[in-house]
Trainee: 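Below you will find the structure I want to go over with you.
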Amino acid sequence: MDVLVMENLLFGRNITRLYDLKGYSRSRYNLDCNGNNKLLLDKNLIEAMLTSPIFVGNKAKRLLERAVWNDTSFLASMDVMGYSLLAGVDEENHELIQGIIDFMRQYTWDRHLETRVKVSGILGGVKNVSPAAFLPEQYKECFRKAVLAYFLVVPDQWSYLCSLSLSIFLFIISPRSRNS
């Protein structure tokens, strides 16, 4: 018998919003977000971004990018897919608690069969639309792109200078500026 012990990310936290994010929106909306099931999904977050987006600092965003990049690279190399990012908003402490969950299922023959059925559209539905039917490498890319877009960076005192420096650098190295 194997036992896996994992950290409880939410222990001792006052979580006001809790999201289970997979990086795609098909069948990812919780209609009953005010009832007993307060776990929100990707479409709930996208909808909430219009009125109450989740902002993170520049350093926090870079750390998140690095963690997601490293974790998804490892999971894809182990043929794991279907994982989620659990993101909890602790408004009392002004913190965003995050961790990758549901990473125990490998891409095995049964998952491969499921992929073939979903992609073919044999059982109905639209063909080729569900990222759940992707291969681990494709799932990784879809997950990274979406998850990193969900959290917006708050500009700091260096943001304008960084974008200005980048603009000047791009102007200096552009071919048009050398020919004139």
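Starting from 1, each residue takes its place in the sequence as its number. Computed from heavy atoms alone, side chains included, the values below leave out hydrogens, waters and symmetry copies.
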Trainee: Is there a path of hydrophobic side-chain contacts, each under 4.5 Å between heavy atoms of I/L/V/M/F/W/Y residues, joining Met78 to Tyr83?
Mentor: yes
Trainee: Are Gln98 and Leu96 close enough, and set up right, to give a side chain to side chain contact (heavy atoms under 4.5 Å, CB included), and what steps lead you there?
Mentor: CA-CA 6 Å; Gln98 299 175 330; Leu96 180 64; 3.0 Å; yes
Trainee: Measure the spacing between CZ of Phe74 and CD1 of Ile100 and express it to the nearest 0.5 Å.
Mentor: 11.0 Å
Trainee: If I compare all heavy atoms of Phe151 with all of Ala87, which pair ends up nearest, and what's the gap?
Mentor: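 What the structure gives for the nearest pair is CZ-CB, 4.1 Å.
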Trainee: Between Lys61 (side chain only) and Phe55 (backbone N and O only), is there a donor and an acceptor less than 3.5 Å apart?
Mentor: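 Here the side-chain-to-backbone pair does not exist.
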Trainee: Any carboxylate oxygen within less than 4.0 angstrom of a Lys/Arg side-chain nitrogen, looking at Glu92 and Arg13?
Mentor: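 Salt bridge between Glu92 and Arg13, a charged N being under 4.0 Å from a carboxylate O: no.
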Trainee: So do the side chains of Tyr139 and Lys22 get within less than 4.5 Å of each other, counting heavy atoms only?
Mentor: yes
Trainee: Applying side chain to side chain contact (heavy atoms under 4.5 Å, CB included), can you list everything that pairs with Ala48, at least two apart in sequence or on another chain?
Mentor: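 For Ala48 the side chain to side chain contact (heavy atoms under 4.5 Å, CB included) partners, ignoring immediate neighbours, are Arg17, Tyr19, Ser52.
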Trainee: If you look at every heavy atom in Gly23 and Cys142, which pair is closest and at what distance?
Mentor: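 It is O-SG, 3.4 Å.
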Trainee: How far does OH of Tyr150 sit from CG of Leu21, to the nearest 0.5 angstrom?
Mentor: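 Between Tyr150 OH and Leu21 CG, I get 6.0 Å after rounding to 0.5 Å.
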Trainee: Measuring from atom CG of Asp20 to atom CG of Leu40, what distance do you get when rounded to the nearest 0.5 angstrom?
Mentor: 10.0 Å
Trainee: Specify the closest pair of heavy atoms between Ala149 and Met49, including all atoms of both residues, with the distance to one decimal.
Mentor: O-CE, 3.9 Å
Trainee: Listed by chain and number, what are the salt bridge (charged side-chain N to carboxylate O under 4.0 Å, His left out) partners of Asp71, not counting sequence neighbours?
Mentor: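 Checked Asp71 against salt bridge (charged side-chain N to carboxylate O under 4.0 Å, His left out); zero matches.
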Trainee: Can you measure from CD1 (Ile101) to CG (Leu85) and round to the nearest 0.5 angstrom?
Mentor: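 Rounded to the nearest 0.5 Å, the CD1-CG separation comes out at 8.0 Å.
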Trainee: Is a side-chain donor or acceptor of Thr16 paired with a backbone partner of Asp90 at a separation under 3.5 angstrom?
Mentor: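 Pair absent, no side-chain N/O of Thr16 close to backbone of Asp90.
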Trainee: If hydrophobic clusters are built from ILVMFWY residues whose side chains come within less than 4.5 Å, do Ile97 and Leu63 share one?
Mentor: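 No, no single cluster joins them.
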Trainee: Drop me the distance from Leu39's CG to Asn44's CG, to the nearest 0.5 angstrom.
Mentor: 8.5 Å
Trainee: Under the criterion side chain to side chain contact (heavy atoms under 4.5 Å, CB included), I'd like the reasoning laid out for Leu64 against Val56: C-alpha separation, chi angles, the key distance, then a yes or no.
Mentor: CA-CA 10 Å; Leu64 173 63; Val56 295; 5.8 Å; no
Trainee: Which heavy atom of Arg144 sits nearest to which heavy atom of Ser73, and what is that distance?
Mentor: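 Smallest interatomic distance, heavy atoms only, reads NH2-OG, 2.6 Å.
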Trainee: Decide whether Trp69 and Leu148 are clustered together by the hydrophobic rule: side chain heavy atoms of Ile, Leu, Val, Met, Phe, Trp, Tyr closer than 4.5 Å, transitively.
Mentor: no
Trainee: Any Lys/Arg nitrogen of Glu65 or Arg62 sitting under 4.0 Å from an Asp/Glu carboxylate oxygen of the other?
Mentor: no
Trainee: Measuring from Glu141:CD to Thr72:OG1, what's the distance to the nearest 0.5 Å?
Mentor: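 Glu141 CD to Thr72 OG1: 7.5 Å, rounded to 0.5 Å.
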Trainee: So if you build clusters from Ile, Leu, Val, Met, Phe, Trp, Tyr with side-chain heavy-atom gaps below 4.5 Å, do Val147 and Leu41 land together?
Mentor: no
Trainee: Please check this pair: side chain of Asn93 against backbone of Glu95, looking for a donor-acceptor N/O pair closer than 3.5 Å.
Mentor: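 No, because the side chain of Asn93 does not come within donor-acceptor range (under 3.5 Å) of the backbone of Glu95.
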